[in-house]
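Residue numbers start at 1 and run along the sequence shown. Excluded from the calculations below are hydrogen atoms, water molecules and symmetry mates; all remaining heavy atoms, backbone and side chain alike, are included.
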Amino acid sequence: MFRIGQEEIKAVERVINSKELFKINSGTLQETYHCEKEFREKFNISHAVLMTSGNAALMSALAGMGIGPGDEVIVPAYTYIATAISVVSVGAIPIIAEIDETLMLDPKDVEQKITERTKAIIPVHMMGYPCNMDGIMKVAKKHNLKVLEDACQAVGGSFRGKPLGTFGDAGAFSFNFYKIITAGEGGALLTNDKTIFEKGLIYHDSSAVAYFGNQMEDFSEEPFCGYEFRTNEITAAILREQLKRLDGIVSDLRKNKQRLMDALSPYFKFIPSNDKEGDCGMTLTLQFDSAEEAQAFRDKNVGVSIPAFTGKHVYNNWTPILHKRGAAHPLMDPFKMAANRVPDYTEDMCQKSIDILLTCAHLSINPDWTEEQVAERAKQLIDALK
């Protein structure tokens, strides 16, 4: 969380005073309705559905794409485990591909991993950095694959001037406590595809979407059994205020990141970015010549982290995936379904990605740093390097 205050408190207060906390109601506030409308306008997208998490948005998008048993979906070796779990949750199999020196999904390795079963690619904009969407979209178009952008860590970022989350057939946002804007928890599905929208909406709230309000007015899709990832008016009210803060947060993140890079550039190397201007600015990643140098610098206790050691964000720590435990009940487990081809997952299957992640160090940027605080942070890092 970066910024929150009286505006969000007043937003919660107005919802509580209205006594209309359910998203479908006859009150005058209609927070969820207006929040989704504001997201559509902000990101120039046809459909936006608020829900409980980024994982819920990924699952709903995959369901909307018709992904299921027998299908494979390519995911990067460096992403939070939720990306891979979302694939398993719809009955499909995640295929893990390498990252490149930008720490994002490598389009070249994606193409190497495509089989007759591949149906979709999930590029993940990690730590606020944009993927090479030109490369990803080129591969997807060539092989007639769906693209689901996981922009959960990059709300407000862009690639060549276009918002992240709006390139592919669908995009997913997260609003949990650790994201750029937050309601504590929350997510959103974005798409221009009417079928993905309709199926995704039904999937995310099948117990209510056909029975409250006119949510399925003019739908072509019939109701089916899905899940309940429905949001509420308090969450939506908070997000409306957070959305107003988004541009200012990202602008100040970028400003302070550039200040820090300017101060550090005579001493440090940085990882390349697929689009420096579109980068959210929340993370500055230092590049070292070896894993030993990166580790020695981290040991100086200057507040940096080695991405290879960030737990469930790296594929070799995805225990349920590597051990092929895809569901509580074995008959619901995609790894045990006859329709699926189950790959051999090993901890060293994407060694190139591990090697890259071992030679980097992330440091977080604060949008509220003053120039003096940026200078102080730079001095601390330079002194540690010396």
Side-chain angles (χ1 to χ4, degrees), residues 2 43 54 58 74-80 82-83 97-110 121-137 147-168 171-174 178-181 246 249-261 264-265 268-288 294 304-310 312-315 350 352-367:
F2 286 116
F43 293 94
L58 290 168
I74 296 175
V75 303
Y78 181 47
T79 179
Y80 189 57
T83 310
E98 301 274 16
I99 60 169
D100 60 22
E101 65 277 5
T102 69
L103 308 194
M104 304 300 110
L105 186 60
D106 183 353
K108 293 179 181 178
D109 195 55
V110 167
I121 307 167
I122 306 182
V124 185
H125 308 293
M126 287 291 289
M127 308 298 289
Y129 288 105
C131 288
N132 176 4
M133 291 311 299
D134 283 347
I136 296 294
M137 297 304 293
V147 174
L148 168 55
E149 281 180 85
D150 183 336
C152 291
Q153 295 189 12
V155 180
S158 63
F159 179 78
R160 302 191 187 282
K162 184 177 172 64
L164 301 180
T166 67
F167 280 85
F173 285 168
S174 173
Y178 300 99
K179 301 305 190 292
I180 294 175
I181 57 175
L246 179 60
I249 291 172
V250 172
S251 175
D252 288 341
L253 282 169
R254 289 170 173 165
K255 177 178 64 179
N256 280 341
K257 178 173 179 176
Q258 188 58 55
R259 285 173 174 169
L260 192 57
M261 290 179 71
L264 296 179
S265 59
F268 291 90
K269 293 183 292 185
F270 313 115
I271 64 164
S273 174
N274 289 304
D275 187 336
K276 184 179 176 182
E277 285 69 35
D279 170 7
C280 292
M282 62 188 289
T283 312
L284 176 56
T285 307
L286 308 175
Q287 177 70 63
F288 294 89
V304 301
S305 62
I306 306 297
F309 303 136
T310 50
K312 300 301 181 186
H313 289 88
V314 185
Y315 81 93
C350 289
K352 173 188 171 185
S353 297
I354 301 299
D355 291 343
I356 291 171
L357 295 171
L358 283 169
T359 61
C360 299
H362 287 322
L363 61 98
S364 298
I365 306 298
N366 189 320

Q) Just checking, is any N or O donor in the side chain of T83 or D150 under 3.5 Å from an acceptor N or O on the other one? A)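 Present: a donor and an acceptor within the cut-off.
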
How far does [atom1] of [X] sit from [atom2] of [Y], to the nearest 0.5 angstrom?
X	Y	atom1	atom2	value
M261	I365	CE	CD1	9.5 Å
K255	L253	NZ	CG	10.0 Å
H313	Y78	NE2	OH	7.0 Å
L260	F270	CG	CZ	7.0 Å
I306	L358	CD1	CG	8.0 Å
T359	F288	OG1	CZ	9.5 Å

Q) Any side-chain heavy atom of T285 within less than 4.5 Å of one from Y129? A)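 Of all side-chain heavy-atom pairs linking Y129 with T285, at least one is under 4.5 Å.
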
Q: Would you mind reporting whether N366 and N256 have side-chain heavy atoms less than 4.5 Å apart?
A: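 N256 vs N366: side chains apart.
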
Q) Taking T102 as the fixed residue, which of I356, N274, I271, D275 is the one that meets the side chain to side chain contact (heavy atoms under 4.5 Å, CB included) rule? A)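 Among I356, N274, I271, D275, the one that satisfies the side chain to side chain contact (heavy atoms under 4.5 Å, CB included) with T102 is N274.
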
Q) M126 and side chain to side chain contact (heavy atoms under 4.5 Å, CB included): which partner among T79, L105, L103? A)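 Exactly one candidate clears the test, T79.
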
Q: For the pair K352 and D355, find out whether any cationic side-chain nitrogen is under 4.0 Å from an anionic carboxylate oxygen.
A: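 Judged by the 4.0 Å cut-off on N to carboxylate O distance, K352 and D355 do not form a salt bridge.
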
Show the nearest heavy-atom pair for residues [X] and [Y], with the distance to one decimal.
X	Y	result
L58	A82	CD1-O, 4.3 Å
E149	G168	OE2-N, 3.1 Å
M104	P130	CG-O, 3.6 Å
C350	A97	SG-C, 4.1 Å
C131	H125	N-ND1, 2.9 Å
M133	V147	CE-CG1, 4.3 Å

Just list the side-chain donor-acceptor pairs under 3.5 Å for residues 152-163, sequence neighbours left out, or say none.
residue: Q153; atom: OE1; partner: M127; partner atom: N; Å: 2.8
residue: R160; atom: NE; partner: D134; partner atom: OD2; Å: 2.7
residue: K162; atom: NZ; partner: T166; partner atom: O; Å: 3.4

Q) Is the number of heavy atoms from other residues, nucleotides or ligands under 6.0 Å of F43 CZ greater than 12? A)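 For F43, atom CZ is crowded (more than 12 foreign heavy atoms under 6.0 Å).
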
Q: Let me see the working for F2 and D252 under side chain to side chain contact (heavy atoms under 4.5 Å, CB included), right down to the final yes or no.
A: CA-CA 11 Å; F2 286 116; D252 288 341; over 6 Å; no

Does [X] reach the main-chain N or O of [Y] with its side chain, forming a donor-acceptor pair under 3.5 Å?
X	Y	value
K257	M282	no
Y315	V75	no
D100	D106	no

Q) Do I99 and L357 pass the side chain to side chain contact (heavy atoms under 4.5 Å, CB included) test, and can you show the C-alpha distance, the side-chain angles, and the key distance before you say yes or no? A) CA-CA 9 Å; I99 60 169; L357 295 171; 3.8 Å; yes

